[in-house]
Each structure stands twice: as C-alpha cells, then as structure tokens.
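See below for the structure under consideration.
Counting starts at 1 for both ligands and their atoms, in listed order.
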Amino acid sequence: MINKVNIVCFSPTKTSEKISKIIAQGSGIKVSKDLNITHREENYTADKDELTIFAFPVYGGRIPEIAIQRLKKITGNNSPAVLVVVYGNRHYDDALLELQNIVYDQGFKSIAGAAFIGEHSYSTNEYPIAIGRPDKEDIDKALSFGNNIGNLIKNNDTIKELPNLPGKYPYKERSPQPLISPVTIDSKCIKCTTCVTLCPTGAIQIKDMPETNPSLCILCCACIKGCPSNARLNTNDFVLQKQQWLLKNCVTRKEPETFEI
Ligand SMILES: Cc1cc2nc3c(=O)[nH]c(=O)nc-3n(C[C@H](O)[C@H](O)[C@H](O)COP(=O)(O)O)c2cc1C
C-alpha cells in the first residue's frame, strides 16, 4: 500500500518545484522525502510503499544533462513514479519520453505523466514569454492531476505501467551552448551572494564582483530571476535571438497535458 510521496526535482527557476509540490498536495498523500537535486546530488532508494514524483524543466526539448547525472543517484526498487516536465510554452519535444526511459532504467514503474508550462527562463519584461505561469488554471489542473493519482493508488493494489509517453527516440540532438553567461551590472550589485547560492552548477564566484565561469553556466537564469537588486542579465546575442524568436512564435497559450492509465 502506497502511503508516502517523494518529490525529486531539478528546478533552477522553481517552476518545476512548484508544480511538483502542488501535484503532491492534490494526491492527498503525505510527502515523505523532498529530494531537490537542483544544487546537489542525493543518494536515495525508494521503498515499495512510496510514490515518487519527478519534475524537471525542458532544455532544448530534452532533460538537462546535469539533472540526468544527479537523477542517476536515485533508484526505485520497482516502486511507482509520476513523471512531470515543465516547459516555457514552446514545446517539450522528447523530454517526457526521455524522463520516462531514465526513470525506468533507475528501477521505477511510471504510472502517470504530465507536461506543464512555466514562465520561460529567458522571459523578461521586454520579452515576456509564458509570464506568470504556472497560474491559477495550471494550479487547478495540477491539483486535479494529483487527486486522480491519489485515487488511482487508493483503488488499485497493482497499478499498470504507462505505455510510452509522447516523444521520439533517438531524441532531439542537444545543440551546443556557446561559452556565454549572464553578466553583472556593477553599479546595481550589492554583493549579497544570492546568485552564488542560486546557481545550480557552482559557476559563480564573488571576487571583486560576481564572476561566472561560462564553461559551467547552463544559462538557467536562476541568478537573473533571483537577484534582489536586478543586477544580473543576459546581454549576449545567443539569448537575445532566442528571446526574439520566442516572442514571435510562442506567445499563444499552451495548456498542460496529462497522461494517465
Ligand atoms: C537552456 C534552456 C533551454 C530551454 N529549452 C526549452 C525548450 O526546448 N522548450 C520550452 O518550451 N522551454 C524551454 N526552456 C524554458 C524552461 O523549460 C522553462 O522556463 C521551465 O519553466 C524552467 O523550469 P524551472 O523553473 O523548474 O527551472 C528552456 C530554458 C533554458 C534555460
């Protein structure tokens, strides 16, 4: 009998984290382990009486590589899992299928899946993309998805495994990221070190000012969205071109999708 929920998330700008917590709340099952792997690895093996909710952002239609490395420290022991990807209103492409396959290899049985929409990491006031998502409607959908999962678990001793989730294999190729990173506006920086704490890859160090190692930066924008004095921003053409493209092509609201047995 499943009576505990674990949450495993990688969530630099916290939209995946938010959705996973709401789904857990909707299930009505007590949260046992909060395994947030955004900033570190966690070694854990789930028990047979635990349900694990996995929530990850979509980067280039895939699960971010660093998140996969950390995910591989968590094993399932044939326990059930719910798979959630959160994307910035473009598309999730192969990320949900990729997550399903990784989690399967780690010994979990996937029983439900979902793709939700979160404010795009590259969204700014000038280039608003899915701003404010997840919003009230998304939250209601996440609660009701969670509630369905709770009922599924209550009413079935053996739960069937989900068929393949949407996506293609071989997955979409990862496009190489140029050696760039957000910069600091010196006159605004108060050296509070929030950016250092928020960076999931340890790419930022405070020297005289915060300095970012571009070979570690994954452009997640946690340092930009979380800076209390708005001192971090992207000034590179790479992100600018993406922002312009997204604003032209991805403003029509997309809705969450859920996949249940
Ligand atoms: C490097 C990078 C690549 C991204 N690629 C996609 C994508 O392929 N499709 C999409 O819709 N959103 C994409 N996004 C947006 C994120 O998926 C979205 O903002 C998500 O809500 C971030 O999750 P988090 O708040 O949990 O970090 C990308 C964001 C980043 C930083």
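- A donor-acceptor pair is defined here as one N or O able to donate and one able to accept, closer than 3.5 Å; no such pair exists between the side chain of Q241 and the backbone of F238.
- For atom 6 (C) of ligand 1, the closest non-hydrogen atom on the protein side is V58 O, 3.2 Å.
- In this structure, E119 contributes its side chain and G132 its backbone to a donor-acceptor pair below 3.5 Å.
- Nearest protein heavy-atom neighbour of atom 12 (N) of ligand 1: G88 N, 2.9 Å.
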Steps toward side chain to side chain contact (heavy atoms under 4.5 Å, CB included) verdict (I7, K33): CA-CA 6 Å; I7 299 177; K33 282 247 169 259; over 6 Å; no
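- Ligand 1 has an N or O atom lying under 3.5 Å from an N or O atom of S11, backbone or side chain.
- Between the Q100 side chain and the P163 main chain, a donor and an acceptor come within less than 3.5 Å of each other.
- At a 3.5 angstrom cut-off on N or O pairs, G60 counts as close to ligand 1.
- For the pair G61 and ligand 1, a heavy-atom separation below 4.0 Å is found.
- With a 4.0 Å cut-off on non-hydrogen atoms, C220 touches ligand 1 through its backbone and not its side chain.
- Summary of contacts: the protein heavy atom closest to atom 1 (C) of ligand 1 is Y122 OH, 3.4 Å.
- Remark: the backbone N or O of S11 is not paired with any side-chain donor or acceptor of T15 at under 3.5 angstrom.
- Counting the atoms of ligand 1 from 1 in the order shown, those under 4.0 Å from a heavy atom of V86 are 17 (O), 20 (C), 21 (O).
- In terms of modelled atom types and a separation under 3.5 Å, the side chain of K141 and the main chain of K136 share no donor-acceptor contact.
- Distances from atom 30 (C) of ligand 1 to the heavy atoms of F56, Y59, F116, F10 put Y59 nearest.
- A salt bridge is absent between D94 and K172: the closest approach of a Lys/Arg side-chain nitrogen to an acidic carboxylate oxygen does not fall below 4.0 angstrom.
- For P12, a nitrogen or oxygen atom sits less than 3.5 Å from a nitrogen or oxygen atom of ligand 1, counting backbone and side chain alike.
- Residue contacts with ligand 1, taken as heavy atom pairs separated by less than 4.0 Å, involve N89 solely via the backbone atoms N, CA, C and O.
- Residue T15 has at least one nitrogen or oxygen atom sitting less than 3.5 Å from a nitrogen or oxygen atom of ligand 1, judged on distance alone.
- Each of the atoms 21 (O) of ligand 1 lies under 4.0 Å from some heavy atom of G118.
- Once rounded to the nearest 0.5 Å, the distance linking CG of D138 with NZ of K18 reads 9.0 Å.
- With K254 contributing its side chain and R90 its backbone, the two residues share a donor-acceptor pair below 3.5 Å.
- The backbone N or O of G113 lies less than 3.5 Å from no partner atom in the side chain of E260, so there is not a single donor-acceptor pair.
- Every atom of ligand 1 is numbered from 1 in the order shown, and the set under 4.0 Å from a heavy atom of L219 is 31 (C).
- Protein heavy atom at the shortest distance from atom 29 (C) of ligand 1 is S121 OG, 3.3 Å.
- Below 3.5 Å of separation, one finds no N or O of D93 facing any N or O of ligand 1.
- Contact between Y92 and ligand 1 is absent, with no heavy atom of the residue lying under 4.0 Å from the ligand.
- Note on ring orientation: taking the six-membered ring where Trp is involved, the planes of F54 and F56 are parallel (angle under 30°, cut-offs 30° and 60°).
- Counting heavy atoms under 4.0 Å from ligand 1, residue H91 touches it through the backbone alone.
- Backbone and side-chain nitrogen or oxygen atoms of T13 are examined, and one is located within less than 3.5 angstrom of a nitrogen or oxygen of ligand 1.
- Between the side chain of D47 and the main chain of D49, no donor-acceptor pair closer than 3.5 Å is present.
- When the options K242, H120, E119 are ranked by their closest heavy atom to atom 15 (C) of ligand 1, first place goes to H120.
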